[in-house]
Amino acid sequence: MRLFKSKFPAIPTSEITPELIYKNRRQFIKQATALSLAATYPLNVSWSSQQQPEKIFNQLPKSKFSTEEELTDYKKVISYNNFYEFGLGKTTIAELAQNFKPRPWTLSVEGECDKPKIWDIDELIKQFPVEERIYRLRCVEAWSMVIPWVGFELNKLIKASQPTSNAKYIAFETLHDKEQMPGQRFKLLGYVLPWPYREGLRMDEALHPLTILSVGLYGEVLPKQNGAPIRLIVPWKYGFKSIKSIIKIKFTKREPYATWHRTNPEEYGFYANVNPEVDHPRWSQAKERRIGEFFKRPTLMFNGYAEQVASMYKYMDLTRRF
Ligand SMILES: Nc1nc2c(c(=O)[nH]1)N[C@H]1C(S)=C(S)[C@@H](COP(=O)(O)O)O[C@H]1N2
Ligand SMILES: [Mo]
């Protein structure tokens, strides 16, 4: 059961009016009214008044790829984030992201493909039906969460775009907009990361059924701080590969620019596969703290997805190409 604040409006009045709300409008209003009448738990955080708590994804199919581990608390998922476009602190991102406008939004698919297209975000969600996928997310900083994402397999969008035989890699780019993203205005952060934030995958990794594009979590539209309106999730890689607020996807011949890798190749490899045996130069990767737990737990090879993904790397020296 999701937590809604008590002044939750019966009719959504926000600028976020996805088609799905209209599609399920009757049911949505019924639910929303019931919830606003019921005694609900207020979110005790200052930015909650600006949150968009619409539970817009009804009766989602559950993915067979979901983990059965205990979910990380919703409040933790939306209040402990890494999103450098908004700042350096993890607990302040949620507040700093509240003026961000994730709709209207377009995602451009381009490069080495026969069917390039500029997608409207809601058109994309309609075209590629979403499901619930519960994944572990392991940050390079040795913490992890278990999150019920709402999304669809990236391979569906790739197939619809008809990549050419030259498409060996796929590149992703986040919005670059100083007006909306305060972290992009600060010199200090500018020295840390060149904007826009970019990431990339090898084509077989991008086509893997575990790789998804996420548009929601916990049955809601994706909160701004978690990468609204659309982000990548690659569960066997460190969190920084899972690029947020994507505006562009490009098929390329060569290994694309990847922000953390290019700015600090000693510390962040292009592959960034979760590997307890390869330490980060400044700390061990052998264990992780599951957010909400006290004791650390051992980190698993490929974040526990070895059975599904290890074969993609069987001829690679994973200590050299980390
Ligand atoms: N555009 C962009 N995407 C990003 C980041 C970022 O700073 N900018 N941080 C990454 C890192 S380091 C992590 S751990 C995850 C965190 O996702 P979450 O806040 O939803 O848990 O987002 C990744 N995606
Ligand atoms: Mo991270």
Side-chain angles (χ1 to χ4, degrees), residues 71-97 100 102 105 107 133-151 171-178 180-184 186 188-190 192-201 211-218 220-249 257-264 267-269 272-274 280 282-283 285 288-292 299 303:
L71 301 182
T72 300
D73 181 57
Y74 170 75
K75 275 203 207 171
K76 299 240 166 68
V77 172
I78 63 163
S79 58
Y80 191 80
N81 307 98
N82 264 339
F83 203 165
Y84 284 83
E85 283 83 343
F86 292 100
L88 283 169
K90 298 184 201 313
T91 52
T92 49
I93 300 299
E95 182 156 19
L96 289 163
F100 178 56
W105 189 274
L107 170 64
R133 282 265 176 126
I134 304 169
Y135 278 160
R136 292 178 287 277
L137 182 79
R138 169 54 159 86
C139 179
V140 75
E141 291 162 287
W143 49 266
S144 62
M145 299 194 191
V146 179
I147 302 173
W149 300 105
V150 175
F172 303 85
E173 204 172 295
T174 296
L175 179 69
H176 187 189
D177 182 354
K178 282 187 191 156
Q180 293 197 67
M181 298 176 139
Q184 293 176 337
F186 298 126
L188 180 66
L189 278 163
V192 176
L193 294 181
W195 311 113
Y197 193 104
R198 281 169 280 172
E199 258 308 336
L201 295 173
T211 305
I212 61 168
L213 285 172
S214 170
V215 296
L217 56 79
Y218 267 104
E220 300 174 356
V221 291
L222 206 55
K224 296 163 182 178
Q225 59 271 32
N226 294 90
I230 187 161
R231 64 156 323 158
L232 183 70
I233 303 289
V234 196
W236 70 94
K237 293 178 182 285
Y238 291 118
F240 69 85
K241 295 297 279 188
S242 293
I243 182 171
K244 295 176 167 181
S245 306
I246 304 168
I247 57 158
K248 188 165 48 171
I249 292 181
Y257 184 102
T259 301
W260 286 101
H261 171 53
R262 291 293 182 94
T263 50
N264 201 341
E267 299 196 1
Y268 310 103
N273 291 320
V274 173
H280 185 280
R282 291 183 281 138
W283 59 80
Q285 293 291 24
E288 68 201 54
R289 190 181 310 285
R290 182 68 50 85
I291 296 296
T299 286
N303 200 23

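Position 1 is the first residue of the sequence, and the numbers go up from there. In listed order, ligands and their atoms are each counted from 1. All values below come from the heavy atoms of this structure, side chains included, with hydrogens, waters and symmetry mates left out.
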Can you sort out which atoms of ligand 1 are near C139, meaning under 4.0 Å from one of its heavy atoms?
-> 14 (S)

The atoms of ligand 1 lying under 4.0 Å from a heavy atom of T174, numbered in the order shown, are 1 (N)

Please determine, by modelled atom types, if K90 and N81 share a side-chain donor-acceptor pair under 3.5 angstrom.
-> no

Can you find a non-hydrogen atom of R231 under 4.0 Å from ligand 1?
-> yes

For F240, the atoms of ligand 1 under 4.0 Å from one of its heavy atoms are 10 (C), 11 (C), 12 (S)

Working for side-chain contact (heavy atoms from CB on, under 4.5 Å), residues V150 and L217 = CA-CA 5 Å; V150 175; L217 56 79; 5.7 Å; no

Look only at interatomic distance and state if W149 has a nitrogen or oxygen under 3.5 Å from any nitrogen or oxygen of ligand 1.
-> no

For the residue pair W283 and H280, does the interplanar ring angle fall in the parallel (under 30°), tilted (30 to 60°) or perpendicular (over 60°) class?
-> parallel

Minimal heavy-atom distance between S144 and E288, with the atoms involved, is OG-OE2, 2.8 Å

Against heavy atoms of S242, which atoms of ligand 1 measure under 4.0 Å?
-> 22 (O), 23 (C), 24 (N)

To the nearest 0.1 Å, how far is atom 6 (C) of ligand 1 from its closest protein heavy atom, and which atom is that?
-> Y197 CE1, 3.3 Å

Considering only protein heavy atoms, which is closest to atom 12 (S) of ligand 1, and at what distance to one decimal place?
-> N82 ND2, 3.5 Å

Minimal non-hydrogen separation, G200 against K241, with atom names | O-NZ, 2.9 Å

Subset of ligand 1 atoms that lie under 4.0 Å from at least one heavy atom of I243 | 3 (N), 24 (N)

Of all protein heavy atoms, the one nearest atom 3 (N) of ligand 1 is K244 N, 3.0 Å

Any N or O on E85 sitting closer than 3.5 Å to an N or O of ligand 1?
-> yes

Ring geometry between W195 and H176 (parallel below 30°, tilted from 30 to 60°, perpendicular above 60°) = tilted

Going by the 4.0 angstrom heavy-atom rule, the piece of F83 near ligand 1 is both

Can you name the nearest heavy-atom pair linking Y197 to F240, along with the distance?
-> OH-O, 2.8 Å

For ligand 1, which atoms sit closer than 4.0 Å to a heavy atom of Y84?
-> 6 (C), 7 (O)

Given the rule in the side-chain contact (heavy atoms from CB on, under 4.5 Å) test, do K224 and F86 qualify, once you have shown the distances and angles that lead to the verdict?
-> CA-CA 10 Å; K224 296 163 182 178; F86 292 100; 6.0 Å; no

For ligand 1, is any non-hydrogen atom under 4.0 Å from L137's backbone (N, CA, C, O), its side chain (CB onward), both, or neither?
-> side chain

Do K244 and E85 sit within salt-bridge range, that is, some charged N less than 4.0 Å from a carboxylate O?
-> no

